[in-house]
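Below is one structure, written out as structure tokens; the observations come after it.
We count ligands from 1, going down the list as the structure has it; atoms in each ligand are counted the same way.
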Amino acid sequence: MAVNDKCGIKKAGTRKLKRGGNKKKNKNKNKKNKKNKSTDSDEDIKIVGGNEAMENEYPWIVALFPKGQQKPDPYCGGSLIASQWVLTAVHCLKENDGTDTPASEISVLLGEHDLSDDTDGNVMILDVEEVFLHPNYADTFPPNPFTPGGHLLADVALLKLKKKVNLATYTPVCLPPEKAVASMYDGKTATAVGWGRTATVREPDILQEVEVTVTTLDSCKASYAGTFDIETGHICAADTGKDTCAGDSGGPLTVKTKKQHFLVGITSFGEGCAEPDYPGVYADVAKYRN
Ligand code: ARG
């Protein structure tokens, strides 16, 4: 898809009136369908340090949830990149036994804001026609955190939707220009969004956003020396107390150039969340777009 002048433009968004407290009541909901998609090696560390997004602010954000659920309980994020295509992470589309999740079991939630409110956003639920996993995807998770041998590469997948969505309502995010390389974004402020865990809530209802700074690949490599292999194909981002976390995987890391948001990363993994010295690691979209 060529970069066009319409992609990546955020909507003004509307601020939602706060209704007291976290409304999530179905804490022990339907675990049957619930997959354990987290690649975070320490599930007890929980910090994101972001804010609630505004309603309709990120028109390209999607959530993936198991098909058939009455109330969507997302396990991953994704980004609309064209009328019929969503970009997400491969590890979101693997079952716990390592097999691939069939397209027929994935539902894509578009235009959502507050999962506990049926009246907000511009919600659409879409079926997936076909799943494309990057052929070089590889993962190895050591049994313990902070131990050597971790490896997660080419965590990039495309979902072809059964129906085209209206791009007047759902603006796709821009892909990096063809000549882009990850190092172009070193030191830039990037935005990650998702319904992944926050410092206080495991599954927030309202879409969260956080700003993090893209690090150089070398510094990320040094941070992860002795735990995960960091190599070309990764792009890392961090700031004190700010990070993506479990459940945000597959979602967008974008950098704004003039008015447009470019998808520079796909949320992939990290050692805990917002751990000092361990940036969030994202799949490098500029590398994998070709
Ligand atoms: N692996 C997590 C997931 O499956 C997201 C990882 C992001 N972690 C981080 N520390 N930045 O949802």
Side-chain angles (χ1 to χ4, degrees), residues 34-50 61-66 72-79 86-96 98 101 106 109 115 133 137-142 145-146 150-157 190-199 201-204 207-215 217 219-220 223-224 227-230 233-254 264-285:
K34 179 81 183 176
K35 306 189 227 182
N36 177 16
K37 290 301 185 184
S38 176
T39 57
D40 290 290
S41 33
D42 187 346
E43 277 285 52
D44 292 328
I45 298 166
K46 37 180 177 179
I47 300 177
V48 170
I61 184 74
V62 309
L64 308 184
F65 69 97
D73 182 12
Y75 52 80
C76 268
S79 309
V86 163
L87 204 54
T88 184
V90 176
H91 85 260
C92 292
L93 307 170
K94 293 277 183 188
E95 300 299 311
N96 290 335
T101 306
I106 306 163
L109 183 62
L115 292 161
L133 307 182
Y137 175 79
D139 66 27
T140 317
F141 300 106
F146 308 100
H151 187 81
L152 182 55
L153 199 67
D155 199 7
V156 180
T191 306
V193 292
W195 285 272
R197 78 186 300 169
T198 70
V201 193
R202 192 180 183 100
E203 298 180 339
L207 182 66
Q208 306 286 310
E209 62 183 357
V210 67
E211 284 195 345
V212 282
T213 307
V214 178
T215 71
L217 195 62
S219 77
C220 190
S223 302
Y224 277 94
T227 61
F228 272 87
D229 300 328
I230 302 296
H234 291 134
I235 181 168
C236 305
D239 264 322
T240 309
K242 295 179 176 188
D243 199 2
T244 43
C245 200
D248 290 322
S249 281
L253 179 75
T254 56
V264 306
I266 299 170
T267 304
S268 184
F269 68 95
E271 212 38 288
C273 301
E275 278 282 307
D277 307 329
Y278 291 99
V281 188
Y282 301 78
D284 168 8
V285 177

As a quick check of understanding, evaluate side chain to side chain contact (heavy atoms under 4.5 Å, CB included) for Tyr278 and Asp243, giving each step before the final call.
CA-CA 10 Å; Tyr278 291 99; Asp243 199 2; over 6 Å; no
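Using a 4.0 Å cutoff on heavy atoms, Gly247 counts as a contact of ligand 1. Residue contact annotation: Gly272 has a non-hydrogen atom under 4.0 Å from ligand 1. Within the 4.0 Å heavy-atom shell around ligand 1 one does not find Ala274.
At least one N or O atom of Asp243 sits closer than 3.5 Å to an N or O atom of ligand 1. Residue Cys273 has no nitrogen or oxygen atom sitting less than 3.5 Å from a nitrogen or oxygen atom of ligand 1, judged on distance alone. Ligand 1 has no nitrogen or oxygen under 3.5 angstrom from a nitrogen or oxygen of Thr267. Distances between N or O atoms of Val281 and those of ligand 1 include no value under 3.5 Å. By the 3.5 Å distance cut-off applied to N or O atoms, Tyr282 is not counted among the residues near ligand 1. Backbone and side-chain nitrogen or oxygen atoms of Thr244 are examined, and one is located within less than 3.5 angstrom of a nitrogen or oxygen of ligand 1.
Remark: ligand 1 atoms within the under-4.0 Å shell around heavy atoms of Cys245 are 5 (C), 12 (O). Taking every non-hydrogen atom of Asp248 and a distance limit under 4.0 Å, the qualifying atoms of ligand 1 come out as 12 (O). Every atom of ligand 1 with a heavy atom of Ala246 under 4.0 Å away is listed here by number and element: 2 (C), 3 (C), 12 (O). Of all atoms in ligand 1, numbered sequentially from 1 with element shown, those under 4.0 Å from a heavy atom of Gly280 are 11 (N).
When atom types are taken as modelled, the side chain of Tyr224 and the backbone of Gly150 share no donor-acceptor pair closer than 3.5 angstrom. Asp155 places a side-chain N or O within donor-acceptor distance of the main-chain N or O of Val90, the cut-off being under 3.5 Å.
Annotation: the span from Thr244 atom OG1 to Gln208 atom CD amounts to 12.5 Å, rounded to 0.5 Å. Glu275 contributes atom CD, which lies 4.5 Å from atom CZ of Phe146 (distance to the nearest 0.5 angstrom). A distance of 6.5 Å separates OH of Tyr137 from NZ of Lys94, quoted to the nearest 0.5 Å. Interatomic distance, CG of Leu64 versus CG of Leu109, reported as 9.0 Å (0.5 Å rounding). To the nearest 0.5 Å, atom CG of residue Leu217 and atom CG of residue Asp284 are 8.5 Å apart. The distance from the CD1 atom of Ile106 to the OG1 atom of Thr101 is 5.5 Å, given to the nearest 0.5 Å.
Counting heavy atoms closer than 4.0 Å to ligand 1, residue His91 contributes side-chain atoms (C-beta onward) but none from N, CA, C or O. Residue contacts with ligand 1 for Cys76 are absent, since no atom lies close enough (heavy atoms, distance under 4.0 Å). Here Pro279 has no heavy atoms under 4.0 Å from ligand 1, in either its backbone or its side chain.
Residues that satisfy the side chain to side chain contact (heavy atoms under 4.5 Å, CB included) test with Ser219, not counting sequence neighbours, are Thr215, Thr216.
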